[in-house]
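Have a look at the structure below, then the notes.
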Amino acid sequence: MNEKEIPKCEILGVKIAAVDMPFTLSYLTEHIKELTGKYICVSNVHTTVMSMENPSYCKVQNHAFMALPDGKPLSVECKKRGFKEAKRVTGPDLMGEIFAISAQHGYRHYFYGSTQETLDLLKEKLKERYPGITIAGMYSPPFRRLSEEEDAGIVEMINETEPDFVWVGLGAPKQENWMAAHKGKVKGLMIGVGAGFDYHADNIKRAPMWMQKASLEWLYRLMQDPKRLFKRYMSTNFKFILHAVLLKK
């Protein structure tokens, strides 16, 4: 496995993997056993602006095996900077693509995060849509800081299931910080997918394809949850346009 095979474009200090879905799937399929203990960040405008403002979080992003361009503005900016093959690789889409080939490859999946209610629904939906998928385990952690003993117990619990993929749905920046802290400790490839659990459990809906292609999925999410997302999107989108698009940082 040679990480130099992965083209990377630096945007606001984050080394974004300038790849597309076919490249990502092919690479993960070929190297999944070698990737155990590593992690992938699914990056967007929000996490990239946070990285610009927080050096420690930027380091977490750059210590990932890959920081995928989940947000279309990232893939568009990669193209503008000379990486013509870059396309959007969203967390929910990546999950679906891997779930679809899991029975064929014998992949084992562990889901860490969200609520027990969502995990139960997620399990039901995945069993319906992807016959033969192996769900090795699921765990909804408490919404508080864990003791060292509790954390060690969770790591042991995950590792006992021998997963190939550990899907982490804690939201940014918590999920990225969790994966970085457990790099080399957790068996399986950790992938932080944010709201991916909710999408596949049908708790929330994806934006129409025309909005996704027009870089407007953020607007669709904003309409679904304006109270929580308005301030975040207005702030981070403005900063991204200023620093990444106009100033080319």
Compare all side-chain heavy atoms of [X] with those of [Y] and state whether any distance is below 4.5 angstrom.
X	Y	answer
Leu68	Val19	yes
Thr118	Asn203	yes
His63	Tyr39	yes
Met190	Trp178	yes
Thr90	Val42	no
Tyr112	Val186	no
Asp20	Phe23	yes
Val166	Ile191	no

Before giving the answer on salt bridge (Lys or Arg N to Asp or Glu O under 4.0 Å), spell out for Lys33 and Asp164 the whole-Å C-alpha distance, their side-chain angles and the decisive distance to 0.1 Å. CA-CA 7 Å; Lys33 296 301 180 184; Asp164 295 292; 2.7 Å; yes
Are [X] and [Y] within salt-bridge range, i.e. N to O under 4.0 Å?
X	Y	value
Arg144	Glu150	yes
Lys125	Asp120	no
Glu77	Lys248	yes
Lys187	Glu160	no

Consider only side-chain N and O atoms of [X] and [Y], and report whether a donor and an acceptor are under 3.5 Å apart.
X	Y	result
Ser26	Thr29	no
Ser114	Asp198	no
Gln61	Ser43	yes

Measuring from atom [atom1] of [X] to atom [atom2] of [Y], what distance do you get when rounded to the nearest 0.5 angstrom?
X	Y	atom1	atom2	answer
Leu74	Arg88	CG	CZ	9.5 Å
Ile16	Ile6	CD1	CD1	12.5 Å
Ser140	Phe111	OG	CZ	14.0 Å
Lys127	Thr134	NZ	OG1	6.5 Å
Gln116	Leu121	CD	CG	11.5 Å
Ile11	Lys80	CD1	NZ	10.5 Å

Over 12 foreign heavy atoms within 6.0 Å of [atom1], [X]:
X	atom1	result
Met209	CE	no
Lys59	NZ	no
Glu128	CD	yes
Glu117	CD	no
Lys183	NZ	yes
Glu162	CD	no
Lys205	NZ	no

Within one Ile-Leu-Val-Met-Phe-Trp-Tyr cluster: [X] and [Y], side-chain cutoff 4.5 Å:
X	Y	result
Leu25	Val193	yes
Ile32	Met179	no
Ile135	Leu189	yes
Met52	Val45	yes
Leu12	Met234	no

Check: Lys185 main-chain N/O paired with Asn159 side-chain donor or acceptor under 3.5 Å: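 Such a contact is found between Asn159 side chain and Lys185 backbone.
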Please check if the side chain of Lys79 supplies one atom and the backbone of Ala86 the other of a donor-acceptor pair under 3.5 Å.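 Indeed, once roles are kept as given, a pair shorter than 3.5 Å links the two residues.
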Looking only at heavy atoms, what is the nearest atom pair of [X] and [Y], with distance?
X	Y	answer
Val49	Thr236	CG2-O, 3.5 Å
Leu246	Leu242	CB-O, 3.4 Å
Lys15	Asn62	N-OD1, 2.8 Å
Leu170	Pro141	CD2-CG, 3.9 Å
Tyr130	Gly96	OH-CA, 3.7 Å
Pro92	Asp70	CD-OD2, 4.3 Å

Run Met50 and Asn54 through side chain to side chain contact (heavy atoms under 4.5 Å, CB included) and show every step you take. CA-CA 6 Å; Met50 276 200 296; Asn54 186 332; 5.7 Å; no
Taking the six-membered ring for Trp, are Tyr27 and Phe65 closer than 6.0 Å centroid to centroid?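 Distance test on ring centres: under 6.0 Å, yes.
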Side chain to side chain contact (heavy atoms under 4.5 Å, CB included) assessment of Met21 paired with Lys87: CA-CA 7 Å; Met21 185 65 78; Lys87 291 183 180 177; over 6 Å; no
List the steps, then state whether side chain to side chain donor-acceptor pair (under 3.5 Å) holds for His46 with Asn237. CA-CA 8 Å; His46 178 57; Asn237 287 5; over 6 Å; no
Evaluate the side chain to side chain contact (heavy atoms under 4.5 Å, CB included) criterion for residues Cys78 and Arg81: first the C-alpha distance (whole Å), next the side-chain angles of each, then the deciding distance (0.1 Å), finally the verdict. CA-CA 5 Å; Cys78 285; Arg81 299 184 186 199; 5.9 Å; no
Check Tyr110, Tyr139, Phe99 against Trp167 for a ring-ring contact (aromatic ring centres under 6.0 Å, His included) and give me the one that passes. Phe99
